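Take a look at the structure set out below.
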Amino acid sequence: MITLTVNGSPRELARNSTIAGLLGSLGIDPRLVVVEHNRAIVRDREAYGSLNLDNGDVVEIVHFVGGG
């Protein structure tokens, strides 16, 4: 297991987890969010499945909200 911080809260995940796996475990559609991984925005959503998370990583997930 690894421990990381997701939107300010600690979370445990299995080793070799990816951003895509994290989003899936949270029930989040990757098309509707922006992900910041260790203070860098992950601009390529295709990379979500290959970007492994490590112990101590910090992930911020920002949802888009429509409205006016």
Side-chain angles (χ1 to χ4, degrees):
M1 297 294 281
I2 60 171
T3 301
L4 59 150
T5 302
V6 179
N7 287 6
S9 298
R11 183 172 189 91
E12 288 191 341
L13 293 175
R15 290 197 181 277
N16 300 319
S17 292
T18 63
I19 289 177
L22 171 63
L23 294 175
S25 72
L26 296 171
I28 296 174
D29 184 337
R31 297 172 300 171
L32 304 177
V33 296
V34 171
V35 175
E36 183 182 276
H37 178 227
N38 294 332
R39 298 184 174 223
I41 294 173
V42 181
R43 297 184 187 279
D44 181 8
R45 287 190 173 98
E46 298 297 321
Y48 287 0
S50 61
L51 208 157
N52 285 330
L53 298 168
D54 292 316
N55 202 37
D57 281 0
V58 177
V59 176
E60 294 291 329
I61 302 168
V62 178
H63 294 257
F64 294 108
V65 177

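Computed from a predicted structure; not experimentally measured. Atoms considered below: every heavy atom in the structure, side chains included; atoms not considered: hydrogens, waters and symmetry mates.
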Out of Ile61, Asp57, Leu4, which residue meets the side-chain contact (heavy atoms from CB on, under 4.5 Å) rule with His37? Asp57
Minimum heavy-atom separation for [X] and [Y], please, with both atom names.
X     : Y     : result
Thr18 : Gly49 : CG2-O, 3.3 Å
Arg11 : Ser25 : NH2-OG, 3.8 Å
Pro30 : Leu23 : CB-CD1, 3.8 Å
Tyr48 : Val42 : CE1-CG1, 3.6 Å
Glu12 : Met1  : CB-CE, 3.7 Å
Ile2  : Leu53 : CD1-O, 3.4 Å

Sequence-distant partners of Arg39, salt bridge (Lys or Arg N to Asp or Glu O under 4.0 Å), two or more places apart: none
To the nearest 0.5 Å, what is the distance between [atom1] ([X]) and [atom2] ([Y])?
X     : Y     : atom1 : atom2 : result
Ser17 : Asp54 : OG    : CG    : 10.0 Å
Thr3  : Leu13 : OG1   : CG    : 8.5 Å
Asp29 : Arg31 : CG    : CZ    : 4.0 Å
Asn7  : Glu36 : CG    : CD    : 9.5 Å

Can Val62 be reached from Val6 by stepping across I, L, V, M, F, W or Y side chains whose heavy atoms are under 4.5 Å apart? no
Linking I/L/V/M/F/W/Y whenever their side-chain heavy atoms sit closer than 4.5 Å, directly or via other members, would Val35 and Ile28 fall into one cluster? yes
Taking Val33's backbone N and O only, do any of them form a donor-acceptor pair with Arg45's side chain (distance below 3.5 Å, no angle check)? yes
